[in-house]
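Here the structure is laid out as structure tokens; the discussion comes afterwards.
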Amino acid sequence: MSEIREDGRSFVGYEYKEIPAEGDKASFYLDCYESFGWVPDERGREESGRGKGRLVLKRDRKIINKAELTRLQRHFEACVKELDALERSKTAKASVCAIVVGLIGTAFMAGSTFAVTHTPPLVLLSIVLAVPGFIGWIVPIFLYRWMVGRRTQIVDELKERKYDEIYEICEKGHQLLL
């Protein structure tokens with residue numbers, strides 16, 4: 001039971017949550033966290049400033065169905081982490097492959113350099129090693145783009161499924177608040 005203050009308002013105890021949110025993710029987080037009973041804390045926003053990339057939220061400590069809302073919120077946060085991991089996976093393997101091919105090309109170029117500086121110079125061997133060396137320096141650009149393109153198609157489908165799961169979780173949370 002809450003007490004009535006002198007100004008006629010009842011006391012509400014809040015719990016607070018601060019979320020790092022860059023750019024377009026801020027609106028997404030705000031929409032989703034509202035489904036778990038969180039509302040923006042305007043005083044926190046004034047202190048943090050908009051350029052800092054964080055949301056300050058508050059929620060009534062005595063909210064109904066708090067345990068279930070917290071469970072759904074944790075599930076939502078796990079899904080968001082999976083989305084971030086999926087986004088990083090677009091370029092991770094492609095970067096490693098491009099770097100390995102570039103290093104192999106560099107090894108061939110080193111062999112070519114050693115061949116041409118050998119006494120007497122082994123010009124033919126130098127040319128033979130330089131060709132795959134140059135190819136190893138050029139191919140990573142195209143290899144990276146091709147691999148990222150292929151992975152992006154797969155990841156976009158997986159992300160769409162994950163967003164559907166997130167919206168289902170938020171819908172359940174919203175129903176608990178009614």
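When all heavy atoms of G173 and L69 are compared, the pair lying nearest together is O-CD2, 3.5 Å. The shortest non-hydrogen separation linking L177 to S35 is CD1-O, 3.5 Å. Closest of all the heavy-atom pairs between T152 and V148 is OG1-O, 2.6 Å. Closest non-hydrogen pair, S126 versus V116, comes out as OG-CB, 3.7 Å. Residues P140 and G102 approach most closely at CG-N, 3.7 Å, considering heavy atoms. L55 approaches A26 most closely through the heavy-atom pair CD1-O, 3.5 Å.
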- [ ] Would you sort out whether E15 and W38 count as a side chain to side chain contact (heavy atoms under 4.5 Å, CB included), showing the intermediate values?
- [x] CA-CA 9 Å; E15 58 183 328; W38 294 97; 3.8 Å; yes
Open item on the list: Assess the residue pair K90 and K159 against the criterion (side chain to side chain contact (heavy atoms under 4.5 Å, CB included)); give the C-alpha distance rounded to whole Å, side-chain angles, the decisive distance to 0.1 Å, and a yes or no.
Closed with: CA-CA 11 Å; K90 283 183 182 180; K159 282 174 59 177; 4.3 Å; yes
Open item on the list: Would R161 and E157 count as a salt bridge (charged side-chain N to carboxylate O under 4.0 Å, His left out) here? Give the steps.
Closed with: CA-CA 7 Å; R161 289 186 201 155; E157 184 179 319; 2.6 Å; yes
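Under the rule for a side-chain contact (heavy atoms from CB on, under 4.5 Å), the partners of L103 that lie at least two apart in sequence or sit in another chain are I99. In this structure, L124 has no side-chain contact (heavy atoms from CB on, under 4.5 Å) partners at least two apart in sequence or on a different chain. Residues that satisfy the salt bridge (Lys or Arg N to Asp or Glu O under 4.0 Å) test with R88, not counting sequence neighbours, are absent from this structure. Residues passing the salt bridge (Lys or Arg N to Asp or Glu O under 4.0 Å) test with R71 are E68, sequence neighbours excluded. The ring-ring contact (aromatic ring centres under 6.0 Å, His included) search around Y167 returns none, not counting sequence neighbours. Listed by chain and residue number, nothing satisfies the salt bridge (Lys or Arg N to Asp or Glu O under 4.0 Å) test with E160 (two or more places apart in sequence, or in another chain). Applying the side chain to side chain donor-acceptor pair (under 3.5 Å) test to E168 and every residue at least two apart in sequence or in another chain returns nothing. In this structure D84 satisfies the side chain to side chain donor-acceptor pair (under 3.5 Å) test together with K25, sequence neighbours excluded. With sequence neighbours left out, S89 forms a side chain to side chain donor-acceptor pair (under 3.5 Å) with R151. Legend: residues meeting side chain to side chain donor-acceptor pair (under 3.5 Å) with E34, ordered by chain and number and at least two apart, are absent. With sequence neighbours left out, F134 forms a side-chain contact (heavy atoms from CB on, under 4.5 Å) with M109, A130, W137.
The stretch residues 72-82 participates, sequence neighbours left out, in these salt bridge (Lys or Arg N to Asp or Glu O under 4.0 Å) pairs: K17-E77, E82-K162.
With hydrophobic clusters built from ILVMFWY side chains whose heavy atoms lie under 4.5 angstrom apart, I104 does not share a cluster with V139. Following chains of ILVMFWY side-chain contacts shorter than 4.5 Å, one can reach L57 starting from F28, so the two form part of one hydrophobic cluster. L30 and V39 are not part of a single hydrophobic cluster, where members link through side-chain heavy atoms under 4.5 Å apart. Linking Ile, Leu, Val, Met, Phe, Trp and Tyr residues whenever their side-chain heavy atoms come within less than 4.5 Å places I166 and L72 in a single cluster. Connection of I138 to M147 is not established within any shared hydrophobic cluster, with ILVMFWY side chains joined at heavy-atom distances below 4.5 Å, either directly or through further cluster members.
Going from atom CZ of F114 over to atom CG of L129 covers 11.5 Å, rounded to the nearest 0.5 Å. Taken to the nearest 0.5 Å, the CZ atom of F36 stands 11.0 Å off from the CD1 atom of I63. From L86, atom CG reaches atom CG of D156 across 9.5 Å, with rounding to the nearest 0.5 Å. Taken from SG in C97 to OH in Y144, the straight-line distance is 11.5 Å, to the nearest 0.5 Å. Interatomic distance, CG of L83 versus CD of E87, reported as 8.5 Å (0.5 Å rounding). Atom NZ of K66 is separated from atom CD1 of I64 by 13.0 Å, given to the nearest 0.5 angstrom.
Cation-pi geometry between K58 and Y16 is not satisfied (NZ or CZ under 6.0 Å from the ring centre, within 45° of the ring normal).
Panel note: side chain S112, backbone F108; no donor-acceptor pair is recorded below 3.5 Å. With hydrogens and angles ignored, the 3.5 Å screen pairs no side-chain donor or acceptor of D60 with any backbone N or O of Y14.
Y29 OH: more than 12 foreign heavy atoms inside a 6.0 Å radius.
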